[in-house]
Protein chains: 2
Amino acid sequence: MSGIKDIAKKTGLSLATISRVLNNSTLVSEKTKSIVLNAAQALDYQPNLTAAALRSGKSKIIGIIVPEINNPFFSSIINGIEQYVGKNGYSIIIAQSHESKKKERHAIQSFVKLNVDGILVSISKESNDFSFLDKLKQEKIPIVFFDRKPQIDNIKEVVFDDYYGAFMATEHLIQQGGNHLIHIAGDLNLSLYKDRKRGFQAAMERYQKSYAENHVLELKKNSAQDTQILKDHIQKNNVDSIFVNGDEDCIYVLNIIKSLGYKIPRDIRLVGFGNLSISTLVQPPISTIDQRAEDMGMVAAKTILQSLDEKQPTSFKEVLSPKLLIRESSKVISS
Amino acid sequence: MSGIKDIAKKTGLSLATISRVLNNSTLVSEKTKSIVLNAAQALDYQPNLTAAALRSGKSKIIGIIVPEINNPFFSSIINGIEQYVGKNGYSIIIAQSHESKKKERHAIQSFVKLNVDGILVSISKESNDFSFLDKLKQEKIPIVFFDRKPQIDNIKEVVFDDYYGAFMATEHLIQQGGNHLIHIAGDLNLSLYKDRKRGFQAAMERYQKSYAENHVLELKKNSAQDTQILKDHIQKNNVDSIFVNGDEDCIYVLNIIKSLGYKIPRDIRLVGFGNLSISTLVQPPISTIDQRAEDMGMVAAKTILQSLDEKQPTSFKEVLSPKLLIRESSKVISS
DNA sequence: TTGTACGCGTTATCAT
DNA sequence: ATGATAACGCGTACAA
């Protein structure tokens with residue numbers, strides 16, 4: 001392995017010329033160009049990106065912060081990001097916040113110290129202080145939020161239309177004959193779960209189903225308790241349809257419902273959210289809202305790369321639209 | 001944000017002294033030390049890791065290559081790695097091989113150019129040329145293989161005892177009264193799937209069950225075909241127990257078997273491999289071999305960090321031992 | 001104990 | 001079109 005110095009030595013040309021061939025490629029004769037490239041090949045030239053980063057200020061590295069990397073939704077997004085930026089010669093560096101705003105801040109600090117060219121982040125549930133945005137602006141490091149974002153202006157964000165996705169899911173349940181619907185909500189500290197709840201409510205009102213706050217439940221993540229709560233609710237209100245905030249919770253609910261002796265979809269119909277691969281592995285396969293995680297990753301990646309050569313930071317918002325996937329869990333059995 | 005130059009200016013001390021306080025910390029008086037640290041705090045000092053990396057040759061970055069990041073097993077391993085190295089001040093950079101040896105080589109190249117301090121890799125199914133090891137040795141970049149590794153000597157590896165895990169799974173099925181067992185194999189290009197197959201065979205022989213090559217099936221990943229194959233096999237050979245190479249395939253098989261009208265575990269008992277979170281979400285929950293993905297990540301991380309200050313490369317092998325998790329899918333129903 | 005000065009491998013500016 | 005040289009920010013051998 002060798003550097004430009006070695007090529008200079010071998011060809012008798014100057015460092016500057018070598019560098020020019022390897023970068024701009026302009027202002028240099030075709031002849032010397034090929035000489036340099038041949039020598040580079042022969043010597044197995046490998047640029048030292050650290051040195052280039054120090055000198056140029058561009059590290060060709062994009063930092064990513066997610067709550068948990070081993071969460072199928074986030075790892076699929078990361079997959080999308082990696083593929084897109086990788087194709088463009090960038091590497092990704094990853095940190096996890098584990099839903100802690102302290103760790104999130106720490107990760108951003110690290111990224112700044114590493115001179116990343118841009119940052120992609122899906123914020124933690126705790127996050128409420130976004131003063132780090134000023135610092136990043138000073139350092140001229142663009143940042144793009146994906147999926148989970150702060151509720152403030154003048155940011156770049158790639159999000160999913162959670163509101164409309166929830167609306168579609170609920171509407172579908174109603175069109176399948178549902179009259180008594182409930183919604184199992186996610187963590188309402190996150191705006192996206194609030195949006196899903198709002199979408200549920202909107203569809204209920206649109207179709208003139210009675211809606212009250214007690215049509216929205218939050219799980220305790222304690223099987224015995226949740227079973228009891230669901231049982232009471234279903235019996236008291238004749239629940240026939242449930243829209244659940246996410247596929248994982250949906251499968252959890254599915255199993256509880258089955259254990260209570262109800263048949264799905266005959267007695268109760270279910271729709272989840274996210275289209276995780278597990279959603280087709282259970283019986284019955286669950287209907288869900290496809291959240292196109294990889295697409296989100298790609299769009300976020302594209303957005304951050306475009307931001308790199310912006311002189312003035314602009315705001316940006318892309319909303320990915322939902323797609324309803326109808327599977328067994330919500331199909332009315334035609335007699 | 002500022003660098004050591006700013007601190008030097010503010011304190012009137014030399015760059016060297018500042019650097020010493022911030023690094024070695026030795027050979028400097030307590031008084032100036034505190035002066036420097038105070039100034040650093042006041043000025044919001046952030047070391048430029050790129051510059052430090054160029055000068056010292058240590059980037060504080062560990063490169064990771066996995067086939068697919070959105071594979072729960074690998075993302076859990078990465079989680080383990082990230083947590084361990086993060087605690088030690090290292091960052092992780094990730095690339096995917098997508099089972100292509102070309103992309104794998106490319107990723108290694110990139111990592112070398114980025115001056116990563118060490119590399120962790122789980123090789124692709126295609127990989128058969130490991131000449132890059134020489135290059136890394138030259139560059140003094142340690143490499144540790146995890147889970148999937150080349151079958152050569154003098155490497156560092158953190159693997160799982162696939163052979164014994166498969167043996168335990170098979171033994172368990174036999175102890176539950178199984179007499180006619182089959183094994184659904186994974187990609188036999190990978191040594192770990194070969195080991196699982198060998199473990200199955202060994203247990204069969206140990207317990208004097210008739211074993212032949214046709215007791216090992218490979219799936220076509222085509223639902224209609226696989227259904228037919230399984231149906232034939234089960235009927236012809238009175239199959240009562242199936243050991244599947246991994247949890248995902250196991251759930252796939254589970255659904256086929258259920259669709260054929262067999263009851264699990266009454267008619268057929270199943271054991272998977274991996275203990276993915278989905279294994280508890282299906283009905284019945286599937287018994288499996290816990291592969292302790294996070295532990296594997298942590299051990300691999302520990303191993304690579306220890307390798308960093310080795311003068312002479314040594315070989316190393318850690319084998320994580322399996323744990324059988326018995327769930328409904330393999331429980332004999334006591335009458 | 002502290003300061004001076006050089007070098008890490010590039011890129012960029014200014015000459016030629 | 002090409003070359004000489006400074007600079008990026010830090011670490012360290014050497015001098016004081």
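Sequence lines set the chain letters: A, B, ... in the order given, protein chains first and strands last, and positions in each chain run from 1.
- One interatomic measurement links the two molecules: NZ of A/K60 to C1' of C/dG9, which rounds to 18 Å at whole-angstrom precision.
- A salt bridge does not link A/E104 with A/K125: none of the charged nitrogens is closer than 4.0 Å to a carboxylate oxygen.
- OP1 or OP2 of C/dT11 lies within a sub-4.0 Å distance of a side-chain N or O belonging to A/S19.
- Regarding A/L114, its CG atom lies at a distance of 13 Å from the P atom of D/dC10, rounded to whole Å.
- For A/Y45, the side-chain atoms get nearest to C/dT10 when compared with the rest of D/dG3, C/dT11, C/dT10.
- For the atom pair CD1 (A/I94) and CD1 (B/I69), the distance works out to 4.0 Å, reported to the nearest 0.5 Å.
- Formation of a donor-acceptor pair under 3.5 Å by the B/N88 side chain with backbone atoms of B/V85 is not found in this model.
- When the nucleotides C/dG3, C/dG9, C/dT11 are ranked by their closest atom to the side chain of B/S14, C/dG3 comes out on top.
- Taking side-chain N and O atoms only, B/N48 has no distance below 4.0 Å to OP1 or OP2 of D/dC8.
- Residue order along DNA chain D, read from the 5' end via each residue's closest nucleotide, puts B/L54 first among B/R20 and B/L54.
- Heavy atoms of A/E30 sit nowhere under 4.0 angstrom from any nucleic acid atom.
- Within 6.0 Å of NZ on B/K302 lie no more than 12 heavy atoms contributed by other residues, nucleotides or ligands.
- Atom C1' of nucleotide D/dC8 and atom NZ of A/K58 are separated by 13 Å, given to the nearest angstrom.
- At the phosphate of C/dT2, neither OP1 nor OP2 sits under 4.0 Å from any side-chain N or O atom of B/T17.
- Atom-to-atom, CD1 of A/I4 to P of C/dC8 comes out at 12 Å; the value is rounded to the nearest Å.
- Using a 4.0 Å heavy-atom cutoff across all strands shown, A/S29 reaches sugar-phosphate atoms only and no base atom.
- The CG-C1' distance, from B/L15 to D/dG11, rounds to 10 Å in whole Å.
- Residues A/N23 and B/V28 each lie close to DNA chain C; by heavy-atom proximity, the contact nearer the 5' end of the strand is made by B/V28.
- Under the 4.5 Å side-chain criterion, counting only non-hydrogen atoms from C-beta, A/V159 is not in contact with A/L320.
- C/dT11 atom P lies 9 Å from atom CZ of A/R55, rounded to whole Å.
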Starting from the C-alpha separation in whole Å, work towards a yes-or-no answer on side chain to side chain donor-acceptor pair (under 3.5 Å) for B/K101 and B/N128. CA-CA 8 Å; B/K101 73 178 174 188; B/N128 49 13; 3.0 Å; yes
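- Summary of helix geometry: the two end axes of the helix from C/dT1-D/dA16 to C/dT16-D/dA1, each defined by five base pairs via their C1' atoms, are inclined to each other by 40° (rounded to 10°).
- Residues B/P142 and B/I304 are in side-chain contact: their nearest non-hydrogen atoms beyond the backbone lie under 4.5 Å apart.
- Separating the NZ atom of B/K31 from the P atom of C/dT2 is a distance of 8 Å, rounded to the nearest angstrom.
- A/L49 comes within 4.0 angstrom of no nucleic acid atom, judged by non-hydrogen atoms across all strands.
- Rounded to whole Å, atom P of D/dC10 lies 11 Å from atom CD1 of B/I18.
- Nucleic acid contact for B/T50: none, since no nucleic acid atom lies under 4.0 Å from a heavy atom of the residue.
- At a threshold of 4.0 angstrom between heavy atoms, the contacts of A/A16 include nucleobase atoms, whether or not backbone atoms are also involved.
- Between the CG atom of B/N115 and the OG atom of B/S59 there is a distance of 6.0 Å, given to the nearest 0.5 Å.
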